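Order of listing sets the numbers, starting from 1, for every ligand and every atom in it. None of these values were measured; they are calculated from a predicted model.
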Amino acid sequence: MRGHDHRVDALAHALLGARRVLAITGAGLSADSGLPTYRGIGGLYEGGETDEGMPVEAALSGEVFARNPEITWRYLAALGRAGSSARPNAGHRALAAIEADGREVCVLTQNVDGLHRAAGSRWVLEIHGRMDALLCTACSHREAPVDYSALQVPPRCPACGAVLRPPVVLFGEMLPDEAIAELRAALKVGFDLVLSIGTSSLFPYIVEPLRLAAAEGVPTAEINPDQTPVSTLVDYRIPSPAAEVLPEVHRRADAAQRD
Ligand code: OAD
């Protein structure tokens with residue numbers, strides 16, 4: 001954190017006074033748990049095209065899933081296998097600890113790996129769904145837990161034979177109604193600190209809460225080694241890995257509280 005130590009201090013100070021925190025998270029937070037990000041070096045989309053000659057983003061779309069579920073499933077299974085051995089890192093744990101201190105912490109995550117819940121965060125809006133169950137695309141059959149390494153892809157429903165899928169949001173699909181409604185209600189009440197952590201901030205519903213906070217003079221911060229569309233909006237930009245920054249911010253806020 002050398003070089004931006006004062007910003008870590010400033011963010012710790014903002015956290016100290018905050019009772020309601022919104023933490024917007026993306027794949028970069030789970031990168032420190034060994035999971036691939038979607039974009040950038042080593043990202044899932046970096047390889048370009050699939051064996052079928054289509055971009056990975058297209059393979060992970062609702063349209064391709066409906067036509068060729070075996071193509072989509074190859075990538076879902078890879079994501080599921082990577083996720084099943086991943087554990088929460090110090091960044092996930094710091095967010096849970098910031099909540100355990102007595103604050104309301106809403107985690108708005110695009111991650112489908114369940115690591116926020118595993119770390120102990122209690123208010124998690126999984127806006128892109130989750131991977132820890134399979135649902136039948138035709139009947140009400142549901143199975144959990146899922147062993148992604150043992151799956152025949154595409155997996156089929158034992159009751160009706162239709163294809164199964166996890167309740168994740170594929171490209172071109174709707175966001176889960178419940179999570180969106182909860183986010184709207186939470187934004188109406190408002191937050192007194194908004195953090196953007198490890199996300200390339202490409203989607204409007206990820207950028208808007210931060211833009212709103214900035215316009216209202218609510219303190220905002222970004223923790224991401226790279227620049228993103230929200231980098232110029234935030235009060236504190238800390239270009240270091242989230243698993244280093246978040247525990248340090250929490251530690252300094254805690255220390256200041258005890259002084
Ligand atoms: P991306 O892969 O687009 O972006 C990851 C971000 O994390 C980048 O801005 C990196 O600079 C940053 N990053 C990398 N390592 C980091 C670290 N150690 N600490 C902090 N930041 C780090 O991932 P998302 O923004 O989550 O959607 O992608 C959003 C959505 O795009 C995904 O949920 C997925 C994808 O398409 C769906 O599948 C619907």
Side-chain angles (χ1 to χ4, degrees), residues 1 4 7-8 11 23-48 50 54-65 72-80 82-83 86 88-95 107-116 124-131 165-176 179-180 195-210 221-234 236-249:
M1 253 150 299
H4 37 270
R7 278 179 260 166
V8 176
L11 178 53
I24 304 167
T25 72
L29 176 57
S30 292
D32 292 318
S33 291
L35 292 177
T37 59
Y38 292 89
R39 300 170 185 83
I41 299 158
L44 192 67
Y45 303 155
E46 201 53 16
T50 65
M54 66 174 72
V56 182
E57 274 169 283
L60 281 170
S61 69
E63 205 186 324
V64 169
F65 179 73
T72 309
W73 253 109
R74 221 168 297 150
Y75 291 89
L76 286 176
L79 277 173
N89 63 51
H92 298 102
R93 289 196 298 271
L95 286 176
V107 179
L108 169 62
T109 189
Q110 298 156 91
N111 299 342
V112 293
D113 52 34
L115 293 180
H116 285 294
V124 184
L125 304 184
E126 292 172 305
I127 203 90
H128 288 168
R130 50 202 284 177
M131 292 286 287
R165 63 172 286 183
V168 289
V169 177
L170 296 171
F171 277 94
E173 291 185 332
M174 304 283 284
L175 301 173
I180 287 293
L195 310 172
S196 168
I197 306 161
T199 173
S200 52
S201 289
L202 292 180
F203 301 120
Y205 47 91
I206 292 305
V207 176
E208 273 320 301
L210 204 125
E222 178 179 53
I223 302 169
N224 190 323
D226 278 346
Q227 294 271 343
T228 77
V230 305
S231 298
T232 53
L233 277 180
V234 295
Y236 314 111
R237 188 180 133 59
I238 305 174
S240 291
E244 287 173 24
V245 177
L246 285 168
E248 188 57 21
V249 168

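Inclusion of T228 in the set of residues having an N or O under 3.5 Å from an N or O of ligand 1 is not warranted. Looking at S201 next to ligand 1, no N or O pair under 3.5 Å apart turns up. When only interatomic distances are considered, the shortest N/O to N/O separation between H128 and ligand 1 falls below 3.5 Å. Between L29 and ligand 1, no N or O atom pair is found at a separation short of 3.5 Å. Annotation: A242 places an N or O atom under 3.5 Å from an N or O atom of ligand 1; distance criterion only. For ligand 1, the polar-atom distance check against A31 finds no nitrogen or oxygen pair separated by under 3.5 Å.
Of the possible polar contacts, one joining the E173 side chain to the L170 backbone as a donor-acceptor pair under 3.5 Å is found. In this structure a side-chain-to-backbone donor-acceptor pair under 3.5 Å is present from R7 to R237. For the pair E126 (side chain) and Q110 (backbone), a donor-acceptor distance under 3.5 Å is absent. Judged by distance alone, with hydrogens and angles left aside, the side-chain atoms of N224 form no donor-acceptor pair with the main-chain N or O of I197 at under 3.5 Å. The backbone N or O of N111 lies less than 3.5 Å from a partner atom in the side chain of T109, making a donor-acceptor pair. A distance-only check finds no donor-acceptor pair linking the side chain of S30 to the backbone of A27 [under 3.5 Å]. At least one donor-acceptor pair under 3.5 Å links the side chain of T72 to the backbone N or O of A59. No donor-acceptor pair closer than 3.5 Å links the side chain of D32 to the backbone N or O of N89. S33 places no side-chain N or O within 3.5 Å of a backbone atom of L35 that could act as its donor or acceptor partner.
Across all non-hydrogen atoms, the minimal contact from P225 to P241 is CG-N, 4.3 Å.
Ranking the protein heavy atoms by distance from atom 29 (C) of ligand 1 puts Q110 OE1, 3.1 Å first. Shortest contact from atom 35 (C) of ligand 1 to any protein heavy atom: Y45 OH, 3.4 Å. Of all protein heavy atoms, the one lying nearest to atom 17 (C) of ligand 1 is G28 O, 3.2 Å. Looking only at heavy atoms of the protein, atom 18 (N) of ligand 1 is closest to D32 OD2, 3.0 Å. Here the protein heavy atom with the shortest distance to atom 8 (C) of ligand 1 is N224 ND2, 3.8 Å. Atom 32 (C) of ligand 1 has Y38 CE1, 3.4 Å as its closest protein atom, hydrogens excluded (heavy atom only). Counting only heavy atoms of the protein, atom 30 (C) of ligand 1 lies nearest to F203 CE1, 3.5 Å. Distance from atom 6 (C) of ligand 1 to its nearest protein heavy atom, with residue and atom name: G198 O, 3.5 Å.
Per-residue contacts place A27 under 4.0 angstrom from the following atoms of ligand 1 (heavy atoms of the residue considered): 23 (O), 24 (P), 26 (O). Applying the 4.0 Å criterion to heavy atoms of P241 picks out, from ligand 1, the atoms 17 (C), 18 (N), 19 (N). For ligand 1, the atoms sitting less than 4.0 Å from at least one non-hydrogen atom of T37 are 2 (O), numbered in the order shown with element in parentheses. Short contacts between ligand 1 and F171, defined as distances under 4.0 Å to a heavy atom of the residue, involve ligand atoms 36 (O). Atoms of ligand 1 lying under 4.0 Å from at least one heavy atom of V169, given by number and element, are 39 (C). Of all atoms in ligand 1, listed by their number and element, those nearer than 4.0 Å to a heavy atom of G26 are 26 (O).
Within a 6.0 Å radius of CD in E208, other residues, nucleotides and ligands contribute more than 12 heavy atoms.
Of the residues listed (F171, Y38, F203), the one engaging H128 in a ring-ring contact (aromatic ring centres under 6.0 Å, His included) is F203, and it is the only one.
Side-chain contact between P167 and R130 is present, with at least one heavy-atom pair separated by less than 4.5 Å. Under the 4.5 Å side-chain criterion, counting only non-hydrogen atoms from C-beta, T25 is not in contact with T199.
Heavy-atom distances between L60 and ligand 1 stay at or above 4.0 Å for every pair.
Of the candidates P229, G129, S200, S200 brings a heavy atom nearest to atom 1 (P) of ligand 1. When the heavy atoms of E222, R39, Q227, E57 are ranked by distance to atom 28 (O) of ligand 1, first place goes to R39.
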